[in-house]
Every structure is written in C-alpha cells, then in structure tokens.
2 protein chains.
Amino acid sequence: MTTHGEGSLKKVFRDNQLKATPQRLDVLKLLMTCSEHLDAEEIYQRLLKKKKNVSRATIYRTLEVLVEHDFVRKLDFGDGRMRYEQNQSPDEHHDHMVCQVCGKVIEFYNPKIEDLQELVAQKHDFVMLSHTMHIYGLCSECAEGQ
Amino acid sequence: MTTHGEGSLKKVFRDNQLKATPQRLDVLKLLMTCSEHLDAEEIYQRLLKKKKNVSRATIYRTLEVLVEHDFVRKLDFGDGRMRYEQNQSPDEHHDHMVCQVCGKVIEFYNPKIEDLQELVAQKHDFVMLSHTMHIYGLCSECAEGQ
DNA sequence: CCTCCAAATGATAATGCGTCTCAATTAACT
DNA sequence: AGTTAATTGAGACGCATTATCATTTGGAGG
C-alpha cells in the first residue's frame with residue numbers, strides 16, 4: 001500500500017468483489033494521498049475542487065465500504081461528525097491527541113498502552129475487536145498563547 | 001457527594017449561580033442514583049414514569065450545565081447519541097469497554113494506563129484536560145454464544 | 001409576604017450529519 | 001456488443017441535538 005498507480009487502487013475494490021468505479025477510486029486516492037483527518041464534507045469539497053463530482057451519498061457509501069474492509073479508519077473526536085484516515089496495518093495502530101482550541105490532531109503510538117489494553121480486556125474475558133484512545137486538551141502552541 | 005438530601009442537591013446548583021429548579025433537581029437526582037449510562041431520551045422516559053414531566057429541551061440544557069460543572073460526564077460510544085454518567089472525582093477516573101452485540105458497558109480502571117497517558121501528553125507538550133479510552137468487542141457472554 | 005426581573009422552561013421549529021429510496025446509469029462478465 | 005446486478009445521484013427522510021421565543025418562575029431585595 002505504499003506505492004500504487006491507478007491499477008493497484010482498482011485492485012483494492014476488485015479483490016473484495018466491488019466494482020472499481022471512478023467515484024470510488026477518487027475517494028480512495030484522495031484519502032491515500034492525504035495525511036489529515038477529513039470528514040465527509042471535506043472530502044466532497046476537495047473532490048469538487050479537482051472537478052471530480054462525486055455525490056455526498058456516494059462518498060458516505062464508499063467510506064462505509066472502505067472502513068468495512070479496513071482500508072480506512074473512522075474516527076470520532078466528539079464534535080458531531082466522523083473523520084476518516086487511511087488505515088495502517090494493525091501493528092502501526094496509533095491514537096490521537098486533539099487540541100480543543102485549534103483542532104490540530106497529533107498522532108501517537110505507545111506500545112505499552114496497547115499491551116495494557118489487551119491485558120485489561122483479557123482480565124474481563126472481553127474479546128477486543130477495536131479500541132480508541134483520545135486525549136483532549138491544548139497543544140503546545142495554544143497552551144503558550146494562553 | 002456520597003450522601004445528599006434535597007438540600008445538598010440544591011446546593012450543587014446554587015453554588016454555581018444557577019437556579020435550583022425542580023426540573024434540574026429531578027435530572028440530577030436521577031443521575032446520582034443510577035449506575036447506568038443513560039442517554040437523554042432514557043432520562044426523559046424514566047422521569048415520565050415517575051410523573052416528573054421535564055421537557056427534552058430542558059433535559060439537554062440541564063445535562064449541558066452539569067457537564068460544564070463536572071458533575072456529570074458525557075460519553076460517546078459511537079452509536080449516534082451521547083450518554084451520561086455521574087462524574088467521580090478525577091482520581092476515580094475510569095474507562096469503558098462496550099460490547100457491540102448486547103450493548104453492555106463494563107467500567108474499568110487501570111492506573112498504569114492513566115500514568116502513560118499523562119506521560120505521552122507531556123512528551124508532546126500537550127496539556128491534557130480530559131481523555132477517553134474505549135475498548136469495543138464482545139463481552140464474555142456474547143463471545144460464548146458465538 | 002410582595003415585587004420584580006433575569007434566568008429557566010416548554011413547545012416546536014430548525015439544524016446538521018448521515019441514511020434511505022428509487023429511477024437512471026454503468027462495470028464487467030459472457 | 002448484450003445482459004444484469006451493482007452503483008450512482010438527487011433528494012427525501014430520520015434522528016439526536018440546538019435554537020427560538022413567548023410564558024413562567026426562582027430567589028434577591030424590599
């Protein structure tokens with residue numbers, strides 16, 4: 001998933017019995033070449049700018065499909081809309097720190113926390129399928145301005 | 001906050017320059033005597049059963065006020081509506097495990113995770129104001145049935 | 001107790017994200 | 001190329017939450 005032309009993007013869909021439509025390719029390509037955490041509306045707007053007219057309904061449907069097949073991760077930062085990021089492989093799982101002033105998102109990875117989460121789940125006989133950790137507060141810049 | 005009659009509940013509001021209305025007292029009392037994670041509609045329905053007619057709008061407004069003043073914690077389990085629980089003191093902070101089959105919520109507390117979160121924040125010069133950790137998966141009962 | 005008024009309430013309209021519907025289109029297999 | 005089930009677009013719809021605004025009320029000051 002590090003380097004892909006048009007061909008390998010199509011493969012993503014075809015390997016999952018999904019038609020490789022131009023709309024789906026547009027959404028996937030955008031997410032694959034973007035490090036931000038976009039919401040559906042932002043995806044719609046960015047595609048519009050590139051003269052790629054994909055309806056909002058199709059964007060939502062495509063995102064659903066990509067999330068189902070683990071190409072994309074759906075994130076909820078508690079501000080009333082979902083955000084999406086490309087999904088790394090499981091061993092690259094990371095969590096998020098969200099600045100409540102400027103909205104900046106910092107990604108971090110802490111193996112010890114990951115291990116502890118697994119341990120806690122086991123202790124309760126809980127089968128962990130996914131987990132999220134969000135730290136809310138002020139980023140260094142916004143804290144300084146204060 | 002362990003033992004309170006009508007009087008001390010009123011104090012909660014008055015200490016914060018808020019009128020101690022019967023509607024607010026009804027909502028607060030319900031949350032204080034409930035260990036579940038209720039959403040706004042459930043709060044509305046439970047009060048109705050007790051012949052306490054509080055409008056949905058007032059419930060939302062009261063919850064907002066209680067969250068602002070740290071009497072109540074607002075939780076987002078990703079199912080499209082917010083849930084509310086009484087807020088313990090910070091040293092009793094706990095996290096949640098949510099069963100995606102039956103919806104059961106298991107609370108847990110892990111001091112090591114708490115410490116690591118604080119460390120991670122410091123490493124990024126981030127001022128942590130709050131944090132949430134959710135583990136999603138199957139509870140022991142639902143995993144067994146599968 | 002009585003008056004007063006900012007604060008709070010209730011009813012309902014409005015918002016906003018996301019999903020559903022359905023007729024028209026199209027990817028991709030034969 | 002022909003066929004067909006999958007996909008799309010446009011807009012209606014659903015649902016949780018917020019906003020509006022006329023009416024009511026808590027509680028401070030007399």
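Below, each value reflects all heavy atoms present in this structure, side chains not excepted, and no hydrogens, waters or symmetry copies.
A:D39 comes within contact range of no nucleotide atom at all, as no heavy-atom separation falls under 4.0 Å.
Salt-bridge annotation for A:E36 and A:R83: absent, with no side-chain N of the basic residue lying under 4.0 Å from a carboxylate O of the acidic one. B:E64 has no carboxylate O lying under 4.0 Å from a charged side-chain N of B:K74, or vice versa, which leaves the two without a salt bridge. Comment: A:D79 engages A:R81 in a salt bridge, judged by a side-chain N to carboxylate O separation of less than 4.0 angstrom.
Straight-line distance from the CG atom of A:D76 to the P atom of C:dG18: 9 Å, rounded to whole Å. Distance B:N53 CG to D:dT24 C1': 16 Å, rounded to the nearest Å. Here C:dG16 presents its C1' atom at 14 Å from CE of A:M82, a figure rounded to the nearest Å. Summarising the geometry, the separation between CZ on B:F13 and P on D:dT25 is reported as 18 Å, rounded to the nearest angstrom. A:L25 places its CG atom 13 Å from the P atom of D:dT7, with the value rounded to the nearest Å. The separation between B:R61 atom CZ and C:dG10 atom C1' is 7 Å, rounded to whole Å. Summarising the geometry, the separation between CD on A:E64 and C1' on C:dT19 is reported as 9 Å, rounded to the nearest angstrom. Counting to the nearest Å, the P atom of C:dA27 and the CD atom of A:Q23 are 8 Å from each other.
Between B:T21 and D:dT25 there is no side-chain N or O to OP1 or OP2 distance below 4.0 Å. Taking only side-chain nitrogens and oxygens, A:R14 comes nearer than 4.0 Å to OP1 or OP2 of C:dA28. Distances shown here put a side-chain N or O of A:R24 below 4.0 Å from the OP1 or OP2 atom of D:dT7. In this structure, A:Y60 reaches the C:dG18 phosphate: one of its side-chain N or O atoms is under 4.0 Å from OP1 or OP2. Distances shown here put every side-chain N or O of B:Q17 at or beyond 4.0 Å from the OP1 or OP2 atom of C:dA6.
A:H131 is not listed as a side-chain neighbour of A:E118, based on a closest heavy-atom distance of 4.5 Å or more. B:F77 has its side chain out of reach of B:M82: every pair of non-hydrogen atoms, C-beta onward, lies at least 4.5 Å apart.
If B:A57 and A:T62 are placed on DNA chain D by their nearest nucleotide, the residue sitting closer to the 5' end is A:T62.
Listed nucleotides: C:dT26, C:dA6, D:dG9. Nearest to the side chain of B:K19: C:dA6. Distance from the side chain of A:P22 is smallest to C:dA27 among C:dA27, C:dA8, C:dG10.
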